[in-house]
Amino acid sequence: GLLYWLLKEIQADPALQLQLVVTGMHLSPRFGMTINQIEADGFVPDARVEMLLSSDSAVGIAKSMGLGTIGFAEALDRLRPDILVVLGDRFEIFSAAQAAMLARVPIAHIHGGELTEGLVDEAIRHSLTKMSHLHFVATDEYRNRVIQLGESPQRVWTVGACGIDAIRRMRLLDRDELSVAIGFDVTSPYFVVTYHPVTLADDQAACAAGALFAALESFPEHKVVVTGVNADTGHGAVSREIEAFAAAHPGRVFSSVSLGQSRYLSALAHADAVIGNSSSGLIEAPALKVPTVNVGDRQRGRVRAPSVIDVSDSEQAIASGIARALTPGFRAAIRDAECPFGDGHSAEKIVKVLAEWPLQGLLIKQFHDLA
């Protein structure tokens with residue numbers, strides 16, 4: 001999804017050759033087997049790294065990381081890339097970066113400098129920054145933070161968020177087309193809901209997800225489109241809450257482990273509100289002028305657009321946030337609000353650097369001390 005337009009730009013640049021390694025949830029039937037969508041989009045994976053165990057415990061995730069490091073070490077040894085491009089803060093990508101670091105493959109990191117104080121991803125993201133050699137960030141605030149971590153300002157570029165590229169370049173489905181595409185009628189008012197575990201919190205994923213779904217009971221006139229949970233610790237408990245909510249409301253609730261980029265962005269565009277704790281509620285939804293009710297601490301620390309309403313993970317707080325998002329005054333106030341994540345040209349900016357920045361001496365970094 002987020003890397004689609006970057007992959008297309010790399011393919012189109014005569015100075016670059018794309019090699020694609022696919023891993024994690026993309027190879028898992030439980031999470032939608034989305035490698036099928038990757039191939040349907042015209043990409044041919046050069047390597048597949050199987051790493052996810054059928055476990056959502058801390059031990060299971062740690063073992064998955066170990067398998068990932070082994071798999072990426074083998075893939076990088078075979079492919080011999082000049083540079084490895086990674087995005088974000090996921091444990092799967094940390095495995096790739098560890099293997100690249102030891103193989104002396106330079107790393108270009110996208111979306112560094114951000115904060116998600118409720119997640120282990122916070123530590124992974126900043127660790128990836130220190131392991132990387134080129135940095136592409138979404139805002140100037142994030143650029144300053146990467147420099148604060150000791151990275152040379154000459155190697156940090158503010159390019160915007162990759163998700164905005166898709167909004168600018170993709171034709172989104174209208175309500176009728178979307179209804180046909182997902183097999184569920186969304187021509188009447190609906191919410192998009194995505195909830196992931198908060199991995200640094202106590203074991204409360206099911207309780208928090210239950211509070212969110214209980215809050216939705218106060219808005220029976222709205223249908224609900226629920227997207228799948230990621231592979232973090234505790235994802236099983238959240239998945240069971242989703243299944244129970246959908247089973248209790250046949251005809252009102254549609255759930256999917258993966259909508260794919262076109263259907264997901266189209267669903268965001270027509271929703272009355274985006275509810276949950278996904279980063280798309282803070283990045284893509286504001287660009288589409290759709291209100292977000294951001295639940296709990298998962299995204300704490302990220303830059304906020306005026307369209308984001310932060311609430312605690314209690315039923316009453318969530319219901320109050322939804323009610324506010326639906327008011328005509330709030331919706332009118334955000335209509336002309338500026339999205340802080342760029343103009344949708346991040347892929348071109350990243351590719352220009354990848355094609356032109358000299359590889360010689362790239363591995364050696366000096367720690368940049370602040371004045």
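Worth saying up front: this structure is predicted, and the values here are computed from it rather than measured. Heads up: numbering here begins at 1 and tracks the sequence.
Neither side chain, S179 nor T187, offers a donor N or O lying under 3.5 Å from an acceptor on the other. Using a 3.5 Å distance cut-off with no hydrogens or angles, the side chains of Q316 and S314 do not pair a donor with an acceptor.
Contact of the M131 side chain with the H109 side chain is not registered, since no non-hydrogen atoms from C-beta on lie closer than 4.5 Å. Using a 4.5 Å heavy-atom cutoff, the side chains of N294 and V308 are in contact. F254 places a side-chain heavy atom less than 4.5 Å from the side chain of L259. Between K223 and F184, some side-chain heavy-atom pair lies under the 4.5 Å cut-off. A heavy-atom distance below 4.5 Å is not found between the side chains of L115 and R300. Two residues are said to be in side-chain contact when any heavy atoms from C-beta on lie closer than 4.5 Å; F72 and Q98 fail this criterion. Considering only heavy atoms from C-beta on, N230 comes within 4.5 Å of P197 through its side chain. Under the 4.5 Å side-chain criterion, counting only non-hydrogen atoms from C-beta, Q299 is in contact with T116.
Side-chain atoms of R155 never come within 3.5 Å of backbone atoms of S132 as a donor-acceptor pair (strictly under, hydrogens ignored). Here the side chain of K130 pairs a donor or acceptor atom with the backbone of L149 at under 3.5 angstrom. In this structure, the side chain of Y195 does not engage the main chain of A208 through any donor-acceptor pair within 3.5 Å. No side-chain donor-acceptor contact under 3.5 Å links S28 to the backbone of G24. For the pair R175 (side chain) and V186 (backbone), a donor-acceptor distance under 3.5 Å is present. In this structure a side-chain-to-backbone donor-acceptor pair under 3.5 Å is missing from R169 to I167. No side-chain donor-acceptor contact under 3.5 Å links E9 to the backbone of E348. Side-chain atoms of R143 never come within 3.5 Å of backbone atoms of V137 as a donor-acceptor pair (strictly under, hydrogens ignored). Distance alone, capped at 3.5 Å, is enough to place a donor-acceptor pair between the H270 side chain and the L173 backbone. Judged by distance alone, with hydrogens and angles left aside, the side-chain atoms of H235 form no donor-acceptor pair with the main-chain N or O of V229 at under 3.5 Å.
Connection of L16 to F136 is established within a shared hydrophobic cluster, with ILVMFWY side chains joined at heavy-atom distances below 4.5 Å, either directly or through further cluster members. Linking Ile, Leu, Val, Met, Phe, Trp and Tyr residues whenever their side-chain heavy atoms come within less than 4.5 Å places M65 and L128 in a single cluster. When the side chains of ILVMFWY residues are joined at heavy-atom separations under 4.5 Å, either directly or via intervening members, I107 and L134 end up in two distinct hydrophobic clusters. At a threshold of 4.5 Å between side-chain heavy atoms, the hydrophobic network of Ile, Leu, Val, Met, Phe, Trp and Tyr places V192 and F219 in two separate groups. V21 and F43 are assigned to two separate hydrophobic clusters, defined by single-linkage of ILVMFWY side chains at heavy-atom distances under 4.5 Å.
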**Request:** For K63 and L67, run side chain to side chain contact (heavy atoms under 4.5 Å, CB included): C-alpha distance rounded to whole Å, both residues' side-chain angles, the deciding distance at 0.1 Å, then the answer.
**Result:** CA-CA 6 Å; K63 288 182 177 179; L67 290 173; 5.7 Å; no
**Item:** Steps toward side chain to side chain contact (heavy atoms under 4.5 Å, CB included) verdict (L27, L52)
**Value:** CA-CA 9 Å; L27 303 177; L52 287 187; over 6 Å; no
**Derivation and outcome, side chain to side chain contact (heavy atoms under 4.5 Å, CB included), residues V198 and E117** = CA-CA 9 Å; V198 183; E117 295 173 357; over 6 Å; no
**Request:** Go through the steps for E217 and H249 under the test side chain to side chain donor-acceptor pair (under 3.5 Å), then give the verdict.
**Result:** CA-CA 10 Å; E217 301 285 8; H249 300 84; 3.1 Å; yes
**Asked** Are D41 and I38 close enough, and set up right, to give a side chain to side chain contact (heavy atoms under 4.5 Å, CB included), and what steps lead you there?
**Response** CA-CA 5 Å; D41 285 340; I38 293 171; 5.9 Å; no
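Crowding of Q11 atom CD: a count of heavy atoms from other residues, nucleotides or ligands under 6.0 Å exceeding 12. Within a 6.0 Å radius of CG in N36, more than 12 heavy atoms belonging to other residues, nucleotides or ligands are found. The 12-atom threshold is exceeded at CD of E221, counting heavy atoms of other residues, nucleotides or ligands nearer than 6.0 Å. The number of heavy atoms from other shown groups lying within 6.0 Å of CZ (R78) is above 12.
Partner of V224 under the side-chain contact (heavy atoms from CB on, under 4.5 Å) criterion, chosen from Y190, F213, F245: F245. Checked options L6, L2, V86; the residue passing with I110 is L6 (criterion: side-chain contact (heavy atoms from CB on, under 4.5 Å)).
Taking all atoms of both residues into account, the shortest heavy-atom contact from L84 to A96 is CD2-O, 3.9 Å. L326 approaches R331 most closely through the heavy-atom pair O-CD, 3.9 Å. Contact between D89 and R125 at its shortest, heavy atoms only, is OD2-NH2, 2.6 Å. Between V238 and A209, the shortest heavy-atom distance links the atoms CG1-CB, 4.3 Å. Across S55 and I61, no two heavy atoms sit closer than the pair O-CD1, 4.1 Å. Nearest approach of D165 to G344, heavy atoms of both residues: OD1-C, 3.2 Å.
Residues K349 and D343 are paired through a salt bridge, judged by an N-O separation under 4.0 Å between the basic side chain and the carboxylate. Between R145 and E141 a salt bridge is recorded (basic side-chain N to carboxylate O distance below 4.0 Å). A salt bridge links K365 with E151: the distance from a Lys NZ or Arg NE/NH1/NH2 to an Asp or Glu carboxylate oxygen falls below 4.0 Å.
In this pair, W157 and W357 present their aromatic rings perpendicular. The plane angle is above 60°, beyond the 30 to 60° band.
For residues 44-59, the pairs satisfying salt bridge (charged side-chain N to carboxylate O under 4.0 Å, His left out) are E39-R48, with sequence neighbours left out.
With sequence neighbours left out, the side-chain hydrogen bond (donor to acceptor under 3.5 Å, both in side chains) criterion links T34 to H26.
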